[in-house]
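Down below is the structure, laid out as structure tokens.
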Amino acid sequence: MIGKLKFGANLEPTLHFLCGKMASGKTTLSRKLAEQQNAILICEDIWLQQMFPTEIANFDDYLRCSKRLKAVVAPHVAELLSKGVSVVLDFPANVPAARNWVRGIFESAKAAHVLHFVDTPNERCIRQLQKRNQEKPPGSMEMTIEQFETITSLFVAPDTSEGFNVRTYG
């Protein structure tokens, strides 16, 4: 007798997604989650670097290219979830509109979800950003403290009124 294959550590396919300031540790956590959950990891930074290697010079370029990528990724992730595969989506869900985009994915697939909120103080984010700038891991772009402050000013922490299953890391 052949049993059912189990994709991921959960019986129910789950979309894991992350929220946190720049350099808060989202990508590090996403890798750990993918390993723990036996889930597929989709990392926006790496996909953008591979698909648009010369097109992203500033934040507006990032927004434009990210929008194009999201149009392809959303139906792909929904299909993976509907086929029973858990996914860790390493795309910043740092504002309500981004979180609603993710909501559309897991709701269309009728899948479970967990929003992992990495609540890191600015000072630690800046230290981690400086370290990342020196190490230049795959998918990362060098960012200044001024850029960090500008982007962080747009950050909106998740609120219970949004109705997500939130797991917070401090």
Side-chain angles (χ1 to χ4, degrees), residues 14-37 39-74 77 87-107 113-170:
T14 303
L15 179 56
H16 298 270
F17 60 111
L18 296 100
C19 174
K21 298 172 192 166
M22 176 190 299
S24 63
K26 295 183 303 295
T27 297
T28 300
L29 177 60
S30 71
R31 289 185 186 117
K32 289 178 186 173
L33 290 168
E35 181 68 28
Q36 291 169 354
Q37 301 297 320
I40 300 296
L41 173 61
I42 300 177
C43 179
E44 180 188 46
D45 290 342
I46 290 174
W47 283 48
L48 286 174
Q49 185 180 58
Q50 294 297 311
M51 293 176 68
F52 308 106
T54 60
E55 293 181 47
I56 302 176
N58 56 47
F59 193 61
D60 288 335
D61 292 341
Y62 159 76
L63 291 173
R64 178 181 47 79
C65 292
S66 177
K67 182 178 179 181
R68 290 173 59 192
L69 177 60
K70 286 177 178 178
V72 174
V73 167
V77 171
V87 175
V88 175
L89 194 58
D90 185 10
F91 280 57
N94 294 339
V95 295
R99 292 190 285 273
N100 284 331
W101 172 74
V102 178
R103 179 188 306 281
I105 297 171
F106 68 75
E107 285 183 350
H113 74 279
V114 178
L115 170 55
H116 299 269
F117 175 32
V118 184
D119 190 10
T120 307
N122 285 1
E123 300 76 28
R124 188 165 54 173
C125 290
I126 290 170
R127 284 194 307 273
Q128 291 173 175
L129 176 66
Q130 292 168 329
K131 181 180 177 188
R132 184 174 76 189
N133 284 343
Q134 290 176 344
E135 294 175 357
K136 297 177 181 27
S140 69
M141 291 180 56
E142 189 164 327
M143 301 295 278
T144 66
I145 293 173
E146 292 78 20
Q147 289 169 316
F148 166 83
E149 290 170 348
T150 298
I151 292 169
T152 297
S153 72
L154 304 172
F155 176 79
V156 178
D159 187 84
T160 56
S161 67
E162 293 178 90
F164 292 109
N165 300 323
V166 179
R167 187 172 300 154
T168 302
Y169 305 78

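If you're wondering where the values come from, they're calculated on a predicted model, not measured in any experiment. When reading the values below, keep in mind they use all heavy atoms of this one structure, side chains included, and skip hydrogens, waters and symmetry mates.
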In Å and rounded to the nearest 0.5 Å, what is the [atom1] to [atom2] distance from [X] to [Y]?
X    : Y    : atom1 : atom2 : result
D159 : F164 : CG    : CZ    : 11.0 Å
C125 : I145 : SG    : CD1   : 12.0 Å
Q147 : E149 : CD    : CD    : 11.0 Å
R103 : L15  : CZ    : CG    : 11.5 Å
L48  : Q50  : CG    : CD    : 10.5 Å
H116 : L33  : NE2   : CG    : 4.5 Å

Contact summary for [X] and [Y], nearest pair of heavy atoms:
X    : Y    : answer
L115 : L18  : CD1-C, 4.1 Å
A98  : P92  : CB-O, 3.7 Å
F148 : M22  : CE1-O, 3.3 Å
T14  : H16  : CG2-NE2, 3.6 Å
L129 : T144 : CD2-O, 3.9 Å
A157 : R99  : O-NH2, 3.5 Å

Can you check whether [X] reaches [Y] side chain to side chain, under 4.5 Å on heavy atoms?
X    : Y    : answer
E123 : R127 : yes
R64  : F52  : no
W101 : L89  : yes
V102 : F91  : no
L154 : N94  : no
Y62  : I151 : no
L41  : R31  : yes
D45  : D90  : no

Might you confirm whether atom [atom1] of [X] has over 12 heavy atoms from other residues, nucleotides or ligands at distances under 6.0 Å?
X    : atom1 : value
R167 : CZ    : no
K67  : NZ    : no
E162 : CD    : yes

Residues K26, E44: salt bridge by 4.0 Å N-O rule: no

Aromatic ring pairing F17/H113, orientation class (parallel under 30°, perpendicular over 60°, tilted between): tilted

Check: L63 main-chain N/O paired with S66 side-chain donor or acceptor under 3.5 Å: no

Exam field: side chain N133 to backbone M143, donor-acceptor pair closer than 3.5 Å: yes

Reference residue V118; test side chain to side chain contact (heavy atoms under 4.5 Å, CB included); the match among C19, S24, S30: S24

